[in-house]
Amino acid sequence: MFRPALTAALVAAVAVPAAATNFAVLLGGSQRSEANRARDVYRHPVETLTFFGLKPTMTVVEVSPGAGWYTEILAPYLRDTGKLYVAAADPDAGEGSAKAAARFKERLAKFPAVFDKVIVTPASDKSWDRIAPAGSADMALTFRNVHNWYIGGYAPLAFAGFAKALKPGGILGVEEHRLPESMPDAMQKSSGYMKQSTVVKLATDAGFKLVGESKINANPKDTHDYPKGVWTLPPNYAEGDATKAKYAAIGESDRMTLKFVKK
């Protein structure tokens with residue numbers, strides 16, 4: 001159980017009784033929407049972060065946070081005794097990225113007592129070397145993003161960026177949709193799933209060593225072979241309402257959870 005020190009102002013801001021355990025405060029806080037809390041059963045945040053070895057005194061860089069599902073947990077956890085860099089959309093990478101960056105910053109501004117110390121940096125094929133100061137981070141984390149970088153052709157740049165930001169011996173935690181090794185490699189270019197062997201090679205080529213893997217986020221019900229890829233499953237339901245019940249019964253994707261150390 002994580003037990004970060006929380007200020008009275010933060011406890012009040014997240015609107016959870018002070019008597020609750022600290023992780024219950026973080027997971028139940030009002031900075032998290034009901035929809036995000038409902039996904040805890042699939043995303044296993046406590047187990048995942050425990051596996052990676054997160055500690056409240058660490059300097060952490062979260063890369064490509066999307067709308068900030070994990071940022072909502074990491075920011076209050078690290079706020080008092082650690083530091084959090086969040087490498088979000090790069091505003092200089094195009095109009096769409098600029099809008100995404102603005103939305104992310106607006107999201108943080110709604111809960112200053114939780115997010116006021118978050119340091120937002122850019123992440124794109126042109127800015128991977130600026131996700132955090134070189135050699136400053138104890139841990140880098142990324143959740144369900146490697147497929148995007150692989151499809152875009154800049155996955156090696158991303159992993160090199162992690163290596164630059166991390167201290168020697170720093171931890172890289174990766175969660176990604178898993179493609180079985182027996183399936184065609186070409187599916188990695190369109191399905192949203194990645195082979196574990198591909199992810200491990202990207203990391204080792206960048207100077208990392210695999211030190212642990214977990215089935216925390218595995219889902220044996222996932223068949224990995226949907227015409228619309230991983231986005232067929234919740235929370236996206238790419239095929240629409242007609243098949244929603246079918247895919248809700250499967251749940252979110254089968255995912256690898258890998259822990260690397262910078263050599």
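Numbers here simply count residues along the sequence, with the first being 1. Values below: all heavy atoms of this structure, side chains included; hydrogens, waters and symmetry mates excluded.
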*Validate the cation-pi geometry between R144 and W69: distance from NZ or CZ to the six-membered ring centre under 6.0 Å, angle to the ring axis within 45°.*
no
*If you look at every heavy atom in N219 and G251, which pair is closest and at what distance?*
ND2-C, 4.0 Å
*Are the charged groups of D138 and K83 less than 4.0 angstrom apart, N to O?*
no
*Assess whether atom NZ of K99 is packed by more than 12 heavy atoms of other residues, nucleotides or ligands within 6.0 Å.*
no
*asked:* Under 3.5 Å, is there a donor on one side chain and an acceptor on the other for Y42 and N217?
replied: no
*Option from L26, L27, D40, L54 for which side chain to side chain contact (heavy atoms under 4.5 Å, CB included) with V46 holds*: L27
*Are the side chain of S64 and the backbone N or O of N145 linked by a donor-acceptor pair below 3.5 Å?*
no
_Within the 3.5 Å criterion, strictly below it, is a donor on H224 or D254 matched to an acceptor on the partner's side chain?_
yes
*T243 OG1 to Y226 OH distance, which is reported to the nearest 0.5 Å*: 11.0 Å
_Side-chain donor/acceptor of E213 to backbone N/O of M256, under 3.5 Å_ = no
*Ring geometry between W128 and Y154 (parallel below 30°, tilted from 30 to 60°, perpendicular above 60°)*: tilted
*Same apolar cluster: F104 and I131, side chain cutoff 4.5 Å*: no
*Does the cation-pi check pass for K209 over F260, that is, NZ or CZ under 6.0 Å from the six-membered ring centre and within 45° of its axis?*
no
*Quick one: do K195 and D185 make a salt bridge, cutoff under 4.0 Å?*
yes
*Please name the pair of heavy atoms, one in S97 and one in D90, separated by the smallest distance, quoted to 0.1 Å.*
CB-O, 3.1 Å
_Presence of salt bridge, E106 and K110, under 4.0 angstrom_ = no
*asked:* Do F115 and L78 land in one hydrophobic cluster if side-chain heavy atoms of ILVMFWY residues count as linked below 4.5 Å?
replied: yes
_Residues E239 and K228 bridged, charged N to O under 4.0 Å_ = no
*Do L172 and L84 belong to the same hydrophobic cluster, where Ile, Leu, Val, Met, Phe, Trp and Tyr are linked whenever their side-chain heavy atoms lie under 4.5 Å apart, directly or via other members?*
no
*For the side chain to side chain contact (heavy atoms under 4.5 Å, CB included) test, which of V63, L202, L157 pairs with W149?*
V63
*For atom NZ of K189, decide whether the heavy atoms of other residues, nucleotides or ligands shown that lie under 6.0 angstrom number more than 12.*
yes
*asked:* Counting only heavy atoms not in E181 (residues, nucleotides, ligands), do more than 12 fall under 6.0 Å from its CD?
replied: yes
*Under 3.5 Å, is there a donor-acceptor pair between the H147 and Q188 side chains?*
no
*Answer yes when E72 and R107 have at least one side-chain N-carboxylate O distance shorter than 4.0 Å, and no when they do not.*
yes
*Donor-acceptor pair, R255 side chain versus E175 backbone, under 3.5 Å?*
no
_Atom pair OH/OG of Y150 and S190 - distance to nearest 0.5 Å_ = 10.5 Å
*Does NZ belonging to K117 count more than 12 external heavy atoms closer than 6.0 Å?*
yes
*Group every Ile, Leu, Val, Met, Phe, Trp and Tyr by side-chain heavy-atom contacts under 4.5 Å, then state whether L166 and V261 land in the same group.*
no
*Are D116 and R79 close enough for a salt bridge, meaning some N to O gap below 4.0 Å?*
yes
*Can you label the angle between the F52 ring and the F143 ring as parallel, tilted or perpendicular, going by 30° and 60°?*
tilted
